[in-house]
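Numbered from 1 within each chain, the chains take letters A, B, ... in sequence-line order. Just so we're clear, the structure is a prediction, and the values are computed from it rather than from any experiment.
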Number of protein chains: 4
Amino acid sequence: MTHTPPTEPHKKRKRDPEGTRDRLVRGALDLFTTIGYHESTTPQIAARAGVAEGTIYRHFKSKEQLLNSIYQAAVRRFQQTIRTSDAAAGCKETLESVAREWSTVAANDPAVVRLVFVRPPRKLLDHSSKAAFKEFKGDIERVLATGKSAGQVKRGSVEMWSDVWLQLISLLLEKVADSDWTHDETTADDIISAAWAAIAANPT
Amino acid sequence: MTHTPPTEPHKKRKRDPEGTRDRLVRGALDLFTTIGYHESTTPQIAARAGVAEGTIYRHFKSKEQLLNSIYQAAVRRFQQTIRTSDAAAGCKETLESVAREWSTVAANDPAVVRLVFVRPPRKLLDHSSKAAFKEFKGDIERVLATGKSAGQVKRGSVEMWSDVWLQLISLLLEKVADSDWTHDETTADDIISAAWAAIAANPT
Amino acid sequence: MTHTPPTEPHKKRKRDPEGTRDRLVRGALDLFTTIGYHESTTPQIAARAGVAEGTIYRHFKSKEQLLNSIYQAAVRRFQQTIRTSDAAAGCKETLESVAREWSTVAANDPAVVRLVFVRPPRKLLDHSSKAAFKEFKGDIERVLATGKSAGQVKRGSVEMWSDVWLQLISLLLEKVADSDWTHDETTADDIISAAWAAIAANPT
Amino acid sequence: MTHTPPTEPHKKRKRDPEGTRDRLVRGALDLFTTIGYHESTTPQIAARAGVAEGTIYRHFKSKEQLLNSIYQAAVRRFQQTIRTSDAAAGCKETLESVAREWSTVAANDPAVVRLVFVRPPRKLLDHSSKAAFKEFKGDIERVLATGKSAGQVKRGSVEMWSDVWLQLISLLLEKVADSDWTHDETTADDIISAAWAAIAANPT
DNA sequence: GATGAATGAGCTTTCATTCAT
DNA sequence: AATGAATGAAAGCTCATTCAT
């Protein structure tokens, strides 16, 4: 659906042809997560990307589709972290390492973290965006499931405990993204531990 | 749920004492927390309250002020719970009882919970609304501070741990408001315990 | 039409019963000539008069009729000056004395002068207001006609020369009303002389 | 008079180069000076220009700014007349020739004359519009100053006497614009002479 | 691909007027 | 006579989207 145009290198093109779509995505992402979706106007988005207003519609069907396109890319980015994590590691260790990687993202690219974790624009997400997030959550639940079968996670539904864990990690990511706890390793570790404490059968 | 008060069928309803403003607040609150602030139009709000559009502006300076007015009332409502809680009780017990009272509110009046805990309309809150919330948070922090001086709460800033606790209670309230965990005492208790586990020095 | 209610002294009445209509007129006149008709809202007018909004409509059919009522009274006030001037005096002398009396009004009650001479709300005047002004102008023309038959006024239509004279006197009244030329007898005399010079057959 | 330009009947007119803004200005000017600023609605203005309502705001920030834009252009137009007048000519001759040129404008384009001379929308003019008019008046005063130093103008401030002269010329322009004195050379000359007589030291 | 003037539906807000009390 | 809450038509303005160039 949101097929990425192959952007083959062609003959004559104006201003940085490879980049138009990317610059649009970047500008919109910053705007959406800073001032909000409704407050971000298409003129503003176009201006940020250095293109004309109409150009948005060469790359995206609508403003809403632009948002969904950005959202799904962001979700996938975080999903990668889980999928490329060490499958052999224990549940606790995996969660910790994933959380730490996300924190790095939060420090370097706050916008993407806000979009997925802090203030997801629920009202505006289409079916496919919601599906993408569910898939992402499924990956987390799978990690927790291994911990549960090892008796490390509390009784009760895995879905619930991953919600709990995610909720606390979201708080961490928000604070890091806001530079409230900039590069404060100790505090970050405290929250990561707290998140584990909240869901662990025998907290250490 | 949002039962329309039985307006007697008259030619022109006038002087519904005390009613108009309240019905406006109720309708707007439901709309804002259901479909969102920007998606709620003034015609819709007026229709819900059974009044003409212009009537909104007899009671509120603007749509934004209407939101802030509702928000502040909602915050104060939750603040009451803390202020009227047993001052003699321990930190843990106070937090638990407060959380349980809020859960009841979440079940009976989901809208108010969503506005304050689940999706506060941060971009749209004025100075005085933000101050009201800060005061509310201050009350929570005071409770936690007593627990901390009793050695029950982890080391680190009280602000941080109340953020953590609130974050988890918000999840609970959201689920209850969404009727996902309706009247499921056990699950609610699990979350309340988890919230305490996350911040407790020696979790039990 | 604009029948003045007889305001008979009755038994029980709220706040200064004789004065309501008058205070309405006064407040509206000040507002209209200060900030303009369209910029003056009925709530403002009512507030100035210290009455409720609805009270305006007990005394006047509409905001527009209120304006016309005020306008006609103002015109009549200036008309009086001409009608009570010494019929035996010469044209020049009559005009001068009339102009001087109007100047006094301009100093004491600038609003009324602005309404009639400086910025008459032409678009908003009804038939009867226009007729009143025409009658007023007729009185001036009659004075000029005597001067003309005495050979003191230039050839050409009396209507035209009274327009010219009025135009210059209006400038004087505006300046006096604005306190630009406060109580500056010399300047006022200069303008009055200039007005005569403009229309006189043999200016002195 | 305000002949609608022969828009060829197309499905959707686009790119009427240079035209849209001008037609908007023309339409608004006619409307403002005919029925008044407040009475002219944006739908009306757009309709006159044959464009959609939103198009107004592509060219002007607001209705008020549209007015000011028109006003300033109009003032500059009259200013040109003075600045291009024969610098070598005497004061009296310069004023006469300027007045006559303005009369021609009044006959051909009444709207512009009404806006600047007859009923300037004072309440609605912004700072820069007021400055433009002051500059214009300064040019007139400069002409009068030369006459004064040649002993042709009465004693007293130049500002005052240019107000007087302008006041009478405004009357002329109004009548011409209203077609009351259409192409009546004699009457126009009478007023121009009267204006000079009003300010001249030794009227001839 | 890119442009940007034009669109028009729909928004929030204002305010003269009405009328039950 | 006086009130003031309620009205609702109409205003000015915004902005996502289209399309001729």
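Closest heavy-atom contact between C/Leu124 and C/Leu67: CB-CD2, 3.5 Å. Contact detail for D/Ala132 and D/Gln72: the closest heavy-atom pair is CB-CG, 4.3 Å. Contact between C/Arg26 and C/Ala111 at its shortest, heavy atoms only, is NH2-CB, 4.0 Å.
Base pairing analysis places F/dT14 opposite E/dA9; the two distances defining the Watson-Crick or G-U wobble pair are each below 3.5 Å.
Ranking E/dA16, E/dT12, E/dT3 by closeness to the B/Thr41 side chain, first place goes to E/dT12. The nucleotide whose nearest atom lies closest to any side-chain atom of A/Arg58 is, among E/dT7, E/dT12, E/dG1, E/dG1. Side-chain proximity of B/Tyr57 to F/dT14, F/dT17, E/dT14: nearest is E/dT14. Side chain of D/Thr42, nearest nucleotide from E/dA16, F/dA16, F/dG12: F/dG12.
Between D/Glu53 and C/Ala52, the residue whose closest nucleotide on DNA chain F is further toward the 5' end is C/Ala52. Positionally, the nearest nucleotide of DNA chain E for A/Thr55 lies more toward the 5' end than for the other of C/Tyr37 and A/Thr55. Comparing B/Pro43 and D/Ile56, the nucleotide of DNA chain E nearest to each residue sits closer to the 5' end for D/Ile56.
Side chains of A/Tyr37 and A/Arg119 form no contact here, defined as non-hydrogen atoms less than 4.5 Å apart.
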